[in-house]
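Below: one structure, written as structure tokens.
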There are 2 protein chains.
Amino acid sequence: MNQYNNHFIESLNLDKCNSCPVSTISFCTILDEHGLEEFSAMSTTKIYSDSELIFTEGKVNQYVGSIIEGIVKIYKLLDDGRQQIVSLAFPGDLLGNIIDPEYSYFAEAIGQCKICFYQVSRINNFAESNPLIYRSILTKTNEQLSDARDWLLLLGRKSAKEKIASFLLLLADRNNAKSTQPRFKIPLKRQEIADFLGLTIETVSRNFSNFKNQQIIREQVGHMVTIVDFNLLKSIS
Amino acid sequence: MNQYNNHFIESLNLDKCNSCPVSTISFCTILDEHGLEEFSAMSTTKIYSDSELIFTEGKVNQYVGSIIEGIVKIYKLLDDGRQQIVSLAFPGDLLGNIIDPEYSYFAEAIGQCKICFYQVSRINNFAESNPLIYRSILTKTNEQLSDARDWLLLLGRKSAKEKIASFLLLLADRNNAKSTQPRFKIPLKRQEIADFLGLTIETVSRNFSNFKNQQIIREQVGHMVTIVDFNLLKSIS
DNA sequence: TGTCTAATTTGACTAAAATCAAACTTAGCT
DNA sequence: AGCTAAGTTTGATTTTAGTCAAATTAGACA
């Protein structure tokens with residue numbers, strides 16, 4: 001009876017991971033079936049609605065999350081309210097880290113998000129017997145560092161026009177848009193784009209208008225955008 | 001005879017680490033004596049003179065390094081030559097990573113540098129029996145990510161004046177200057193400061209002049225600087 | 001110490017993006 | 001469908017930092 005019960009729970013957990021849409025790209029993908037069994041039992045899935053705060057700067061770092069669905073913006077604030085988005089996290093991306101004592105940024109859901117959480121302390125315990133999880137987290141962290149450094153180049157050295165072009169290409173890439181005229185939804189409001197690119201909302205709007213006038217992009221209702229001249233956008237970026 | 005010989009070699013390697021000035025802050029600090037013995041045998045120390053290239057973007061990622069002495073600038077370039085320094089690496093900092101197939105930036109010595117190198121492939125092999133090295137590298141990578149994100153906020157949202165103030169405080173911090181009027185050498189040329197802060201050399205120069213005129217800092221020959229009004233500089237940043 | 005070059009500073013002017021303000025559009029709600 | 005608030009666009013103007021040019025200073029080396 002107890003035996004059956006245990007088996008039932010474990011298989012439930014594994015089912016959860018087996019049916020997980022990011023199981024092949026999340027940091028847990030490195031685990032074998034045995035590790036995953038133990039690991040999945042530690043996870044809690046939570047759904048956030050648009051604009052809900054996930055992490056708050058300065059709070060104790062208790063959880064890391066793996067994004068299952070949706071997009072999360074990671075941002076920092078100056079005292080006077082100026083905001084800079086330092087990362088956009090997509091499905092499969094890791095939220096937070098297992099090292100720092102506190103969160104050093106805010107994380108907020110853009111649209112509805114589904115996130116799989118783990119307690120930092122439990123991951124660290126788990127890693128004692130499954131140290132490969134460190135390599136997996138390192139791989140994700142390394143990607144984030146690489147992205148952050150690309151963005152440093154953009155913020156420090158690119159013009160507004162180049163920034164907008166780079167932003168559009170980033171979104172096309174994250175949407176795996178393979179077409180020569182990729183079409184996707186821009187998940188950010190103009191103000192958020194401005195906070196991502198280190199610009200003002202007016203500059204963003206003007207540059208979008210220019211691209212539309214020059215037929216480089218088309219914009220439909222609901223922030224759907226089509227990149228008409230991909231190569232031109234690439235050369236601008 | 002053979003026995004003595006082995007012992008001699010091993011103790012030489014360990015001596016090298018025992019006398020290493022960054023042994024308590026480098027990523028190898030996590031290793032116990034046994035691990036260190038094996039690890040130290042894999043290392044090669046190299047000295048670079050000012051402006052020497054250490055890594056080149058696009059080249060195969062063969063080595064990671066731990067800085068023993070000196071400062072290294074990590075930078076990226078746009079096609080037209082615009083440059084952005086994405087990181088300044090100090091003694092104890094890790095250069096490169098063990099994940100990517102290629103370097104994605106340039107690394108260049110600022111002044112004379114002493115660097116302890118390891119082959120990426122050998123670190124990965126070593127980690128199979130010493131997986132804690134992953135955690136140690138993760139910790140260093142995580143620091144770099146945190147620094148990069150602080151810099152994203154600076155580049156995206158701070159004014160030239162605020163950038164210069166932040167830069168001076170960063171240097172004071174890296175020099176462990178505990179005094180109320182910290183004094184240290186600015187290791188970068190004006191052009192490099194500009195490339196670090198996303199500014200032009202003229203803007204950097206003008207803002208330094210302003211700070212000097214307002215008696216917030218003093219500058220002596222040889223780029224030695226004294227922060228006269230630390231609190232004011234902090235509030236500006 | 002003097003000479004030469006590189007680095008830095010300063011000035012005048014320009015350009016890019018920010019600010020301020022208003023009009024217009026979209027999306028959600030009753 | 002009409003109302004409302006939020007979001008976006010556009011225009012006029014200002015500000016900041018960039019550009020171009022020249023003068024000055026610092027550093028390396030004979």
Could you pull out every donor-acceptor pair under 3.5 Å between side chains of residues 148-156 of chain A and any protein atom, sequence neighbours left out?
| unit_1 | atom_1 | unit_2 | atom_2 | d |
| --- | --- | --- | --- | --- |
| A:Asp150 | OD1 | B:Lys76 | NZ | 2.7 |
| A:Trp151 | NE1 | A:Phe196 | O | 2.9 |

Worksheet item: Hey, what bend do you get for the helix from C:dT1-D:dA30 to C:dT30-D:dA1 if you fit axes on five pairs at each end, rounded to 10°?
Response: 50°
Worksheet entry | Flag side-chain contact, heavy atom, 4.5 Å: B:Lys161 against B:Arg206 | no
Item to complete: May I ask you to check whether over 12 heavy atoms, not counting those of B:Asp80, lie within 6.0 Å of atom CG?
Response: yes
Fill in: Exercise: do B:Gln191 and B:Asp195 side chains pair donor with acceptor under 3.5 Å
yes
Practice prompt. To the nearest Å, give me how far apart CG (B:Leu199) and P (D:dT19) are.
Written response: 11 Å
Side-chain donor-acceptor contacts of residues 227-237 of chain A below 3.5 Å, not counting sequence neighbours, with atom names and distances?
| unit_1 | atom_1 | unit_2 | atom_2 | d |
| --- | --- | --- | --- | --- |
| A:Asp229 | OD1 | A:Leu232 | N | 3.0 |
| A:Ser235 | OG | A:Leu232 | O | 2.8 |
| A:Ser237 | OG | A:Lys234 | O | 3.0 |

Pair up each side-chain donor or acceptor in residues 65-74 of chain B with any protein partner under 3.5 Å, not counting sequence neighbours, and list the distances.
| unit_1 | atom_1 | unit_2 | atom_2 | d |
| --- | --- | --- | --- | --- |
| B:Ser66 | OG | B:Ser26 | OG | 2.8 |
| B:Lys73 | NZ | B:Glu192 | OE2 | 3.0 |

Response to the item:
Readout for nucleotides 5-10 of chain D: B = base within 4.0 Å of protein heavy atom, S = sugar-phosphate only, - = neither; 5' to 3' it is --SSBB
Worksheet entry | By salt bridge (charged side-chain N to carboxylate O under 4.0 Å, His left out) - contacts of B:Glu162 (at least two apart) | A:Arg82
Item to complete: Check DNA chain C against residues 69-83 of chain A and give the residues with a non-hydrogen atom under 4.0 Å, in numerical order.
Response: none
Practice prompt. Kindly write out the residues that satisfy ring pair (Phe, Tyr, Trp, His ring centres under 6.0 Å) with A:Tyr75, not counting sequence neighbours, or none if the list is empty.
Written response: A:Phe106
Worksheet item: Counting N and O atoms only, with roles assigned by atom type, does the side chain of B:Ser209 sit under 3.5 Å from a partner on the main chain of B:Ser205, one being a donor and the other an acceptor?
Response: yes
Item to complete: Under the side chain to side chain contact (heavy atoms under 4.5 Å, CB included) rule, collect the residues that match up with A:Gln220, sequence neighbours excluded.
Response: A:Arg183, A:Arg218, A:Met224, A:Thr226
Discussion item. Test of understanding: with side chain to side chain contact (heavy atoms under 4.5 Å, CB included), list the residues that count as partners of A:Ile123, not counting sequence neighbours.
Written reply: A:Phe27, A:Phe39, A:Met42, A:Val64, A:Ile98, A:Tyr118, A:Ile137
Discussion item. What residues from residues 153-171 of chain B pass a heavy-atom cutoff of under 4.0 Å to DNA chain C?
Written reply: none
Practice prompt. Sorted by first residue and then second, give each salt bridge (Lys or Arg N to Asp or Glu O under 4.0 Å) pair with at least one member in residues 89-104 of chain A; sequence neighbours left out.
Written response: A:Asp93-A:Arg174
